[in-house]
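Just so we're clear, the structure is a prediction, and the values are computed from it rather than from any experiment.
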Amino acid sequence: MNELYQPIENLAGVGEKRAEKYHKLGIHTPYDLLFHFPRTYIDYANPVMIADVENGIPCAIRCTVLQKLAVAFVRKGFSIYRVLVTDGISDMLLVFFNTPYTYQAMKAGEQYYAYGKLTGGFLRREMQSPQVQKVENAMLLQPVYPQTIGLTSQMMRTNIQRTLTLLKQQPIETLPPALMQDYQLMPLTNALHIVHRPNTHAELDAARHRLAFEELLQFQLGTLMIRHKSGSQAAISMSASTSIQDFYDHLPFSLTRSQNHAIQIICKDLCGAKPMNRLLQGDVGSGKTAVAAAAAAFTAKNGMQTVLMAPTEILAQQHMSTMTGFLAPLGIQTILLTGSMKAKDKRAIKKQIAEDTAAVIIGTHAVIQKDIEFSALGLVITDEQHRFGVAQRAALAEKGGCPHKLVMSATPIPRTLALIVYGDLDITILDEMPKGRLPIQTFAVTGGYRERAYGFIRSHLDAGEQAYLVCAMIEESDSLENVQAAETYAETLKQGAFRDYRIGLLHGKMKPAEKEAVMAAMKAHEIDLLVCTTVVEVGVDVPNATLILIENADRFGLAQLHQLRGRVGRGTVQSFCILVTDSKNEDARNRLKIMSHTNNGFAIAEEDLRLRGPGDFFGHAQHGMPPLMQAAFCSNMPLVSETQMAAKQLLNIDPELMLPEHRALRTAVLQLFAKNGENGLN
């Protein structure tokens with residue numbers, strides 16, 4: 001059997017203990033290790049002079065050893081090793097703590113590359129705990145890997161080198177030769193060797209292009225196959241003559257142009273021969289729920305049921321309240337089903353669903369349980385799509401044969417990424433805000449203005465309004481200096497600046513029921529000030545919350561900051577967002593200026609993609625998307641278009657990828673989606 005597919009502990013130099021560390025990273029075989037790509041590279045190919053480097057900036061310096069100083073034994077178990085080196089003009093000390101091996105290996109007169117941060121002043125500069133390579137056999141582009149405790153990049157480099165030897169003995173390839181020739185792609189085996197041991201930036205770019213092309217191709221193939229599978233089924237076609245004029249008549253406000261357009265498109269889809277698969281994408285407050293209510297009304301008037309699935313109970317309850325307001329005047333019954341309900345109540349609701357006495361069912365994942373039977377399910381709506389995967393959408397849709405699907409998302413996504421993430425969906429965008437909604441005023445300030453900001457918040461709390469204070473961390477961390485931790489922050493505020501107010505705490509380590517209770521208390525105005533982490537990013541609608549202060553705002557992406565800002569500005573009162581940062585980084589300051597100058601989520605998303613790349617753009621919450629390890633290339637629109645064209649060409653020839661030359665690619669596509677629970681292709 002190919003050694004690449006054996007358990008990772010069988011690889012020479014790994015063993016059971018190190019294998020456990022690899023398992024935490026999702027690496028179970030040497031083959032998996034090949035696809036654990038470097039997150040960056042240390043560039044030794046362009047060393048700098050000591051005199052040209054600012055303190056605290058990582059750099060590589062080519063130097064010659066002048067002298068090895070005597071070891072300093074500070075205390076038992078702690079020793080300092082120092083080596084004096086020169087770049088030919090300036091000198092510096094390399095300082096190692098409890099690292100005798102590197103110190104002993106270095107020889108006077110020999111040349112080395114040293115990588116690290118410089119400290120010190122005019123008389124003597126030093127580099128503490130540097131990475132050192134001998135010039136004559138140096139890896140000029142040294143990979144740095146995503147790590148876990150007890151597993152370093154050096155360990156990985158050693159294990160990957162052994163795996164590359166196995167790969168050389170048993171090469172692998174997934175793409176058919178004709179496609180590789182058409183798109184001028186290097187073989188997979190070559191690309192894997194180069195990405196782990198590159199010699200030049202040019203060959204690294206070529207290797208990453210090949211890997212990015214294949215990842216995007218696999219994703220495009222997967223989503224197109226899901227779309228084809230769905231589109232090949234007969235839809236539950238509704239009547240185009242159905243009128244929802246009474247829905248419009250009962251609205252207490254006028255719909256925007258884009259809302260009217262979206263409703264027209266969706267109703268047209270509902271009357272089609274193929275099941276609708278549409279994404280309704282719009283900024284917070286753009287009116288997606290009103291559009292969804294119109295679609296539910298159209299479905300109900302066609303004698304069919306609608307189910308709306310939300311990621312949390314409190315969001316489901318919020319939708320229940322809003323949808324009832326839209327539909328009750330039309331005589332359309334709406335019911336709620338959540339996991340926390342009593343068994344007796346659940347049985348009664350399930351009976352209503354089965355007997356078609358309820359036209360609109362709203363709930364959490366409880367609505368996709370096996371014992372739920374719909375009488376006539378015509379439309380499935382999922383809210384906050386990035387909390388659900390394609391598989392969960394499919395599981396819900398399969399409950400009713402072949403209903404239409406509408407996906408709602410308040411996360412503005414640039415078109416480049418939307419083509420990748422939502423390849424199985426048509427996209428409709430709400431690109432304007434309802435009349436009368438005041439834009440949120442945003443200010444970026446340093447920590448020196450914090451007390452003034454607190455006073456500003458207190459004045460709003462005294463006026464009967466509410467506020468959020470957002471932190472980057474849950475608990476104190478030694479690795480991140482000056483990052484406000486939510487738990488400590490909340491205690492400090494309770495005893496200090498906000499001791500006369502009701503303070504709540506919300507973070508990701510709390511149990512779901514605890515989170516629900518806190519957000520319910522916030523909505524009921526039993527909390528004046530909610531200290532929280534980004535768990536509040538997708539949360540309940542609290543129109544009375546008018547102010548949000550975000551600590552260490554430079555640590556968040558623009559898209560995430562925009563989502564957090566969307567927690568306020570939901571009522572008729574002017575709302576404010578205060579971004580606090582002490583970062584001296586110019587890029588970080590420029591990003592916060594962008595936030596201060598625009599409330600347009602799509603403009604912000606485009607800028608965030610350009611600055612941070614899609615890996616950071618989505619963060620850890622993007623559950624609906626299989627991991628794209630070379631994701632930095634996703635912002636390359638020509639590559640996205642190229643892989644879309646290639647995917648369509650392949651599927652035109654072989655819709656199921658069953659030809660011999662396509663089977664390896666089919667397996668890779670299934671594996672990519674399986675990594676994220678995406679079994680919609682099975």
Inset, instruction - Begin from the C-alpha positions of His319 and Asp383 and carry the test side chain to side chain donor-acceptor pair (under 3.5 Å) through to its verdict. - result: CA-CA 10 Å; His319 278 304; Asp383 187 24; 2.6 Å; yes
Legend entry - Worked check of salt bridge (charged side-chain N to carboxylate O under 4.0 Å, His left out) between Lys405 and Asp269: CA-CA 10 Å; Lys405 288 183 283 186; Asp269 283 352; over 6 Å; no
Legend entry - Asp528 side chain to Arg502 backbone, donor-acceptor under 3.5 Å: yes
Legend entry - For the student: nearest non-hydrogen atoms of Met323 and Ala296, plus distance: CE-CB, 4.1 Å
Legend entry - Nearest heavy atoms of Gln466 and Ile527, plus distance in Å: NE2-O, 2.8 Å
Inset, instruction - Work out which heavy atom in Asn599 is nearest to a heavy atom in Ile440; give both atom names and the distance. - result: ND2-O, 3.2 Å
Inset, instruction - Please check if atom CZ in Arg452 has more than 12 non-hydrogen atoms from other residues, nucleotides or ligands closer than 6.0 Å. - result: no
Legend entry - Side chain Gln305, main chain Val380, donor-acceptor under 3.5 Å: no
Inset, instruction - Identify the residue among His597, Arg565, Lys593 that makes a side-chain hydrogen bond (donor to acceptor under 3.5 Å, both in side chains) with Thr442. - result: Arg565
Inset, instruction - State whether the side chain of Glu432 and the backbone N or O of Ser258 hold a donor-acceptor pair below 3.5 Å, judged by distance alone. - result: yes
Inset, instruction - Answer whether the closest heavy-atom distance between the side chains of Phe456 and Leu549 falls below 4.5 Å. - result: no
Inset, instruction - Supply the atom-to-atom distance Met309 CE to Ile362 CD1, rounded to the nearest 0.5 angstrom. - result: 13.0 Å
Inset, instruction - Answer yes or no: is there a donor N or O on one side and an acceptor on the other, between the side chain of Lys24 and the main chain of Gln147, under 3.5 Å? - result: no
Legend entry - Pairwise distance CG(Leu430) to CG(Asn260) - rounded to 0.5 angstrom: 10.5 Å
Legend entry - Closest contact, heavy atoms only, Leu406 versus Ala292: CD2-CA, 4.4 Å
Inset, instruction - Provide the closest heavy-atom pair for Leu270 versus Ala295 in the form atom of the first, atom of the second, distance. - result: CD1-O, 4.2 Å
Legend entry - Flag, side chain of Arg458 to backbone of Ala497, donor-acceptor distance under 3.5 Å: yes
Inset, instruction - Answer whether the closest heavy-atom distance between the side chains of Met408 and Val291 falls below 4.5 Å. - result: no
Inset, instruction - Hey, could you give me the CG/NE2 distance between Asp431 and His261, rounded to the nearest 0.5 Å? - result: 9.0 Å
Inset, instruction - Supply the atom-to-atom distance Leu251 CG to Asp246 CG, rounded to the nearest 0.5 angstrom. - result: 10.0 Å
Legend entry - Validation row: Arg567, Val542 side chains within 4.5 angstrom (heavy atoms): no
Inset, instruction - Apply the test side chain to side chain contact (heavy atoms under 4.5 Å, CB included) to residues Leu530 and Met519: give CA-CA distance (whole Å), side-chain angles for both, the deciding distance (0.1 Å), then the verdict. - result: CA-CA 9 Å; Leu530 182 61; Met519 287 311 300; 3.8 Å; yes
Inset, instruction - Start with the C-alpha gap between Leu469 and Ile457, add the side-chain angles, then the distance that decides, and say whether side chain to side chain contact (heavy atoms under 4.5 Å, CB included) holds. - result: CA-CA 10 Å; Leu469 268 71; Ile457 294 172; 3.9 Å; yes
Inset, instruction - Answer yes or no: is there a side-chain heavy-atom contact under 4.5 Å between Cys577 and Ile550? - result: yes
Legend entry - Ile503 side chain near Tyr489 side chain, heavy-atom distance below 4.5 Å: no
Inset, instruction - Determine yes or no for a side-chain-to-main-chain donor-acceptor pair under 3.5 angstrom, with Ser596 supplying the side chain and Leu592 the backbone. - result: yes
Inset, instruction - For His460 and Glu465, indicate whether the former's side chain and the latter's backbone hold a donor-acceptor pair under 3.5 Å. - result: no
Inset, instruction - Fit a plane to each ring of Phe247 and Phe326, take the angle between them on a 0 to 90° scale, and name the class: parallel (under 30°), tilted (30 to 60°) or perpendicular (over 60°). - result: tilted
Inset, instruction - Taking the six-membered ring for Trp and the single ring otherwise, decide whether the centroids of Phe443 and Tyr449 are under 6.0 Å apart. - result: no
Inset, instruction - With the side chain counted from C-beta on, respond yes when Ile361 and Phe374 share a heavy-atom pair under 4.5 Å apart, and no when they do not. - result: yes
Legend entry - Pairwise side-chain contact, Ile372 with Lys346, heavy-atom cut-off 4.5 Å (strictly under): no
Inset, instruction - Check the pair Leu461, Phe498 against side chain to side chain contact (heavy atoms under 4.5 Å, CB included), reporting the backbone distance first and the verdict last. - result: CA-CA 10 Å; Leu461 299 185; Phe498 294 92; 4.0 Å; yes
Legend entry - Non-hydrogen atoms of Leu505 and Ala490 that approach each other most closely: CD1-CB, 4.2 Å
Legend entry - Short side-chain to backbone donor-acceptor contact, Arg591 and Asp554, under 3.5 Å: yes
Legend entry - Flag side-chain contact, heavy atom, 4.5 Å: Ile578 against Leu547: yes
Inset, instruction - Might you work through the side chain to side chain contact (heavy atoms under 4.5 Å, CB included) test for His404 and Ile266, ending with a clear yes or no? - result: CA-CA 10 Å; His404 299 276; Ile266 290 167; over 6 Å; no
Legend entry - Backbone N/O of Thr338 and side chain of Glu313: donor-acceptor pair under 3.5 Å: no
Legend entry - Between SG on residue Cys532 and CG on residue Leu564, distance to nearest 0.5 Å: 7.5 Å
Inset, instruction - Determine whether more than 12 heavy atoms belonging to other residues, nucleotides or ligands lie under 6.0 Å from atom CD of Glu54. - result: no
Inset, instruction - Answer yes or no: is there a donor N or O on one side and an acceptor on the other, between the side chain of Asp582 and the main chain of Gly447, under 3.5 Å? - result: yes
Legend entry - Inter-residue atom distance Phe298.CZ - Thr242.OG1, 0.5 Å rounding: 4.5 Å
